[in-house]
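In what follows, a single structure is set out as structure tokens and then discussed.
Owing to the predicted nature of the structure, the values given are computational and were not obtained by experimental measurement.
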Amino acid sequence: MPDSIESSALNEWVFNEDTIREVLRTLMTNGLKIDYGDKIGKTILFARNHRHAEKIFEVFGREYPHLTGYAKVIDNQTGYVQNAIDEFSEANKLPQIAITVDMLYTGIDIPEILNLVFFKKVMSKAKFWQMIGRGTRLCPGLLDGKDKEKFYIFDFCGNFEFFRMNKGSSAMNVVSLQSAIFHLRFELAYKLQDLEFQTDRLMEYRKSLVDHMVPKVKELNRDNFAVRQHLKYVDLYSTEDNY
């Protein structure tokens, strides 16, 4: 795994139209919706820069031509930016998706926000948690009469992994628990390779660990950005003999 990703490589990825289409498809398919599933909930999409935001807006218009007015770029290059923010803040007004650059992560209070999309690397932990905070406002009756109880975060640039690796704290969730359990099984299987542990009982236990891990690796979505970064290891550990 590289220590860092060059800006040129990251640019090539985030500005790629196929990538942008996949990000939008993931949001529009899996994002929290209102009006009995007919309308995507209020969403903030954090883009890398103004050119990136405009490209996302352009691709959205081509992919969803029937959703006129659903998405809007709101950044420091937007004319009448406060009017745009006010419109986005209105529960019954479009746009539903605000594509923003270095705005809307602090100083606004929009309880209706249901989805946050991180389509950029965030290098400041304080800023990262401010951005997450945009989704934490309670909103009674938002979901077809039911109170808002959750919001979704779509993290396409590995921000959660970045802050965990750098000793950032995050709430425990199912994904991180599964990851910790897998890592523990992997470590056990590795340790049980030592000759001193090679009794029939322990080697049978090691085999059961490997038998459990192999299908888990095979189940990984190879189209997922985070998985694609490590396909060499996904291929390696999809085979029992490589453990």
Side-chain angles (χ1 to χ4, degrees), residues 5-35 37-108 110 112-123 127-128 131-132 134-135 151-159 221-229:
I5 300 173
E6 295 294 329
S7 294
S8 58
L10 188 60
N11 276 335
E12 184 178 345
W13 183 77
V14 298
F15 284 101
N16 182 283
E17 288 201 10
D18 288 339
T19 302
I20 294 172
R21 271 196 293 271
E22 185 63 22
V23 166
L24 292 173
R25 186 199 65 78
T26 301
L27 168 65
M28 298 301 286
T29 301
N30 301 307
L32 286 171
K33 298 177 177 65
I34 58 174
D35 292 353
D38 286 342
K39 182 189 290 186
I40 192 76
K42 291 282 185 178
T43 299
I44 300 178
L45 191 157
F46 298 103
R48 189 174 188 210
N49 54 36
H50 180 71
R51 188 163 67 91
H52 187 214
E54 290 286 355
K55 189 68 176 176
I56 295 166
F57 178 73
E58 175 191 325
V59 174
F60 184 90
R62 288 204 304 268
E63 293 295 303
Y64 304 95
H66 58 293
L67 298 181
T68 304
Y70 260 60
K72 187 179 184 71
V73 175
I74 302 177
D75 65 8
N76 57 16
Q77 297 190 42
T78 302
Y80 304 102
V81 65
Q82 189 56 54
N83 287 345
I85 293 173
D86 291 343
E87 287 178 351
F88 180 62
S89 301
E90 289 279 342
N92 298 317
K93 282 188 177 180
L94 295 177
Q96 292 300 104
I97 303 170
I99 307 167
T100 188
V101 181
D102 290 332
M103 291 184 70
L104 305 185
Y105 65 86
T106 185
I108 63 165
I110 306 175
E112 291 80 12
I113 289 173
L114 289 173
N115 305 292
L116 299 175
V117 181
F118 288 86
F119 202 178
K120 64 175 288 183
K121 293 289 285 185
V122 184
M123 307 309 292
K127 182 176 178 180
F128 183 56
M131 294 160 83
I132 289 174
R134 298 313 95 201
F151 65 100
Y152 283 177
I153 299 173
F154 298 88
D155 179 18
F156 292 100
C157 291
N159 291 292
N221 180 4
R222 298 172 68 88
D223 293 328
N224 182 280
F225 171 63
V227 176
R228 285 207 311 269
Q229 294 180 86

**OP:** Could you tell me which residues satisfy side-chain contact (heavy atoms from CB on, under 4.5 Å) with Asp18, sequence neighbours excluded, listed by chain and number?
**Re:** Asn16, Arg21
**OP:** Please round to the nearest 0.5 Å and tell me the distance separating atom CZ of Phe88 and atom CD1 of Ile113.
**Re:** 5.0 Å
Original post:
Got a sec, which pairs hit side chain to side chain donor-acceptor pair (under 3.5 Å) with one end in residues 83-95, sequence neighbours left out?
Top reply: Gln82-Asp86
Subject >> Straight-line distance of Lys55 NZ to Ile99 CD1, nearest 0.5 Å >> reply: 12.5 Å
Original post:
If you round to the nearest 0.5 Å, how far is CD of Gln96 from CE of Met28?
Top reply: 9.5 Å
Subject >> Any side-chain heavy-atom pair of Thr78 and Met103 under 4.5 Å >> reply: no
Original post:
Roughly how far, to the nearest 0.5 Å, is the CD1 atom of Ile56 from the CG atom of Leu45?
Top reply: 5.0 Å
**OP:** Sequence neighbours left out, what pairs pass side chain to side chain donor-acceptor pair (under 3.5 Å) with at least one residue falling in residues 37-46?
**Re:** Thr43-Asn115
Original post:
What residues form a ring pair (Phe, Tyr, Trp, His ring centres under 6.0 Å) with Phe119, not counting sequence neighbours?
Top reply: Trp13, His52
Original post:
Would Ile85 and Leu104 satisfy side chain to side chain contact (heavy atoms under 4.5 Å, CB included), going step by step from the backbone distance to the final call?
Top reply: CA-CA 8 Å; Ile85 293 173; Leu104 305 185; 3.9 Å; yes
Original post:
Could you give the distance from OG1 (Thr68) to CG (Leu94), rounded to the nearest 0.5 Å?
Top reply: 9.5 Å
Original post:
Under the ring pair (Phe, Tyr, Trp, His ring centres under 6.0 Å) test, which residues partner Tyr152, sequence neighbours left out?
Top reply: none
Original post:
If we only count heavy atoms from C-beta on, is the Thr19 to Phe156 side-chain gap below 4.5 Å?
Top reply: no
Original post:
Under 4.5 Å between any side-chain heavy atoms of Ile108 and Ile44, yes or no?
Top reply: yes
**OP:** Mind jotting down which residue pairs meet the salt bridge (charged side-chain N to carboxylate O under 4.0 Å, His left out) criterion with at least one end in residues 62-85? Sequence neighbours excluded, please.
**Re:** Glu17-Arg62, Glu58-Arg62
Original post:
Tell me, do Asn30 and Phe154 make a side-chain contact under 4.5 Å, heavy atoms counted?
Top reply: yes
Original post:
Are Phe60 and Tyr70 an aromatic pair by the rule of ring centers under 6.0 Å?
Top reply: no
**OP:** Kindly say whether Ala91 contributes a backbone atom to a donor-acceptor pair with the side chain of Glu112 at under 3.5 angstrom?
**Re:** no
Subject >> Ala98 versus Ile74, closest heavy-atom pair with distance >> reply: CB-CD1, 3.9 Å
**OP:** Determine whether Ile97 and Leu27 make a side-chain contact, defined as any pair of heavy atoms from C-beta on separated by less than 4.5 Å.
**Re:** yes
Subject >> Cys157 side, atom SG; Lys120 side, atom NZ - distance, nearest 0.5 Å >> reply: 9.5 Å
